[in-house]
Amino acid sequence: MTTEQVAARINPWHVAQQQFDLAADRLNLDEGLRRVLREPRRELTVHFPVKMDDGHVQVFTGYRVQHNLGRGPAKGGIRYHQDVSLDEVKALAMWMTWKCAVVAIPFGGGKGGVIVDPKRLSMKELEALTRRFTTEIEVLIGPERDIPAPDVNTNAQVMAWMMDTYSMHHGYTVPGVVTGKPISLGGSEGRHEATARGTVYCILEAAEHLGLDLGLARVVVQGFGNAGSIAARLITAEGATVIAVSDSEGGVHHPDGLDVNRLIAWKAERGTVRGFPGARAVTNAELLEIECDVLIPAALENQITSRNADRIHARIVAEAANGPTTPDADRILFERGIFMIPDILCNAGGVTVSYFEWVQDLNRDHWSEAIVNTKLKEIMVRAFREVLETDLREEGNMRLAAYLVAVQRVADATAMRGLYP
Ligand code: GLU
């Protein structure tokens with residue numbers, strides 16, 4: 001079986017619930033609370049028509065799930081991918097709840113997705129799909145209720161269409177309904193780089209903790225979208241050497257290092273990193289097994305599983321993606337002494353700057369990039385240290401520690417609010 005086939009067989013929702021159960025057991029969580037937090041609050045499935053360029057009507061399926069609203073409005077991205085499923089969106093929504101809690105920003109967790117390969121759509125079709133999907137999920141979203149953002153295969157342009165659609169229906173401009181917008185429409189400075197920047201802040205903290213010199217570190221990045229490509233650029237600026245990267249079509253490897261800026265230009269021109277001159281071609285599965293100091297999975301779920309975890313040769317795994325490692329693989333990596341920076345901490349920089357964007361929108365304010373990055377660093381470093389302290393105290397692992405911090409915060413908020421009615 002290929003990595004893709006293995007990944008497709010593992011249900012991310014079962015993974016998310018298993019991860020939660022481990023933390024709930026350790027926290028001795030009240031049974032009622034456990035039952036509440038183990039399920040999403042709301043799940044919406046929509047089937048909606050789009051008129052394609054050739055005149056025929058196609059019906060697409062999409063989802064918006066709100067996992068928990070205890071600490072604030074639901075927050076989380078919208079994903080466009082051919083493999084989207086309700087269970088995947090439920091998992092991603094639950095992970096958003098813990099992510100917002102671990103960095104202590106006042107949001108609950110939500111996520112959305114549409115089953116579509118956007119690379120097969122024209123710009124006009126993509127816009128029509130986005131506008132109609134926004135209309136369909138409008139029963140849930142709103143600046144005080146549920147705030148979407150970019151995720152896999154969505155970007156600032158898609159957010160601009162969502163914001164415009166919502167605003168047209170309300171008769172006035174509502175910038176706070178989505179984050180990750182273009183700067184000209186109330187987007188935040190630094191949001192585009194925020195996920196990767198947060199990941200790099202975490203890696204710097206981990207390297208310091210482990211006594212690893214980043215100047216000598218070799219880095220492998222799986223996924224070359226928003227998180228992966230920018231993480232590769234930012235980690236290079238810290239002195240590390242990126243020796244291999246990949247995207248959905250395959251990867252490239254050079255033991256002496258790859259020129260990341262040239263790779264970004266290559267991908268922008270050709271749509272893939274494959275064929276990059278002077279580098280050896282590798283598959284996504286081979287890429288994960290390359291010996292390195294820092295491995296950054298920045299693509300999709302279920303990439304590191306019990307089938308390949310014993311062949312991961314990294315000192316640090318920094319999860320810029322959501323859900324790249326299964327619980328079985330987690331155990332193997334932990335036993336092998338690999339330091340894990342779990343997704344809900346490692347990629348929380350994106351939603352943190354989304355929070356800044358939302359605050360700026362609500363206040364009709366605009367902060368400089370320097371202010372955004374300073375505040376981001378403060379939040380990421382504090383969260384990392386809280387999780388590390390919990391890890392050292394509980395003698396668990398970094399994922400369990402992040403869950404202990406996050407689940408406790410959500411449980412406290414839920415218990416304090418009490419049950420209605
Ligand atoms: N899609 C990103 C994530 O998984 C960002 C979510 C947001 O900014 O709301 O964290």
Side-chain angles (χ1 to χ4, degrees), residues 12 16 63-69 71-81 84 88-103 105-114 137 140-143 145-156 158-159 162-163 175-182 186-199 202 223 225-228 230-231 296-301 318-324 341-361 372 375-376 379-380 383 402 406:
Y63 310 97
R64 184 73 187 171
V65 173
Q66 297 177 341
H67 171 258
N68 187 277
L69 307 173
R71 301 179 56 260
K75 187 82 192 82
I78 303 276
R79 170 174 297 201
Y80 289 170
H81 195 277
V84 161
E88 183 192 42
V89 177
K90 282 163 69 174
L92 290 162
M94 187 195 248
W95 287 329
M96 287 307 304
T97 299
W98 314 136
K99 194 184 299 184
C100 293
V102 89
V103 285
I105 56 174
F107 287 135
K111 202 80 173 199
V114 177
I137 63 169
L140 289 183
I141 64 174
R145 306 183 343 129
D146 182 350
I147 305 125
D151 195 73
V152 173
N153 292 334
T154 55
N155 56 20
V158 172
M159 294 306 116
M162 293 191 78
M163 186 276 247
V177 66
V178 292
T179 58
K181 297 178 296 297
S188 179
E189 305 288 344
R191 174 62 185 86
H192 184 63
E193 297 80 14
T195 305
R197 201 176 285 284
T199 296
C202 286
N226 172 269
I230 301 176
I296 308 180
L300 295 168
E301 300 92 61
E319 295 185 325
N322 291 308
I341 314 175
D343 49 4
I344 58 169
L345 171 66
C346 193
N347 68 40
V351 74
T352 299
V353 177
S354 276
Y355 165 60
F356 298 160
E357 180 171 330
W358 181 71
V359 169
Q360 290 170 78
D361 289 339
V372 168
K375 284 178 181 286
L376 172 63
I379 289 184
M380 293 306 299

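Every heavy atom of this structure was used, including side-chain atoms; hydrogens, water molecules and symmetry mates were not. Note that ligands are numbered from 1 as they come in the structure, with each ligand's atoms numbered from 1 the same way. The shown structure was predicted, so the numbers you read here are calculated from the model rather than taken from an experiment.
A donor-acceptor contact shorter than 3.5 Å is absent between the side chain of Q360 and the backbone of S188.
Of all protein heavy atoms, the one closest to atom 7 (C) of ligand 1 is A149 CB, 3.3 Å. Of the protein's heavy atoms, K99 NZ, 2.6 Å lies nearest to atom 10 (O) of ligand 1. In terms of protein heavy-atom proximity, atom 8 (O) of ligand 1 is closest to S354 OG, 2.6 Å. Nearest protein neighbour of atom 9 (O) of ligand 1, counting heavy atoms only, is K75 NZ, 2.8 Å.
The ligand atoms of ligand 1 that sit less than 4.0 angstrom from a heavy atom of D151 are 1 (N), 2 (C), 4 (O). Residue M96 has at least one heavy-atom neighbour below 4.0 Å for each of these atoms of ligand 1: 3 (C), 4 (O), 6 (C), 10 (O). Close approach of ligand 1 to G76 is summarised as follows: ligand atoms under 4.0 Å from at least one heavy atom of the residue are 9 (O). Set against the non-hydrogen atoms of K111, the atoms of ligand 1 under 4.0 Å away are 1 (N), 3 (C), 4 (O).
Proximity of R191 to ligand 1 is established by a heavy-atom distance of less than 4.0 Å. By the 4.0 Å heavy-atom criterion, P150 is counted among the residues contacting ligand 1.
Contacts of A299 classified as side chain to side chain contact (heavy atoms under 4.5 Å, CB included), with partners at least two apart in sequence or in another chain: Q222.
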Inset, instruction - Apply the test side-chain contact (heavy atoms from CB on, under 4.5 Å) to residues I141 and I147: give CA-CA distance (whole Å), side-chain angles for both, the deciding distance (0.1 Å), then the verdict. - result: CA-CA 6 Å; I141 64 174; I147 305 125; over 6 Å; no
Inset, instruction - Give the intermediate values and the outcome of side-chain contact (heavy atoms from CB on, under 4.5 Å) for residues C100 and V351. - result: CA-CA 7 Å; C100 293; V351 74; 4.0 Å; yes
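The pair D361-K181 counts as a salt bridge, with a side-chain nitrogen and a carboxylate oxygen less than 4.0 angstrom apart.
Contact annotation for N322 and ligand 1: only side-chain heavy atoms (C-beta onward) come within less than 4.0 Å of the ligand. Proximity of E357 to ligand 1, defined as any heavy-atom pair under 4.0 Å, is not found for any part of the residue.
Between the side chains of S354 and R191, at least one donor N or O lies within less than 3.5 Å of an accepting N or O.
The side-chain heavy atoms of E88 and E301, taken from C-beta on, include a pair separated by under 4.5 Å.
Of the residues V84, I78, V114, the one that meets the side-chain contact (heavy atoms from CB on, under 4.5 Å) test with V89 is V84.
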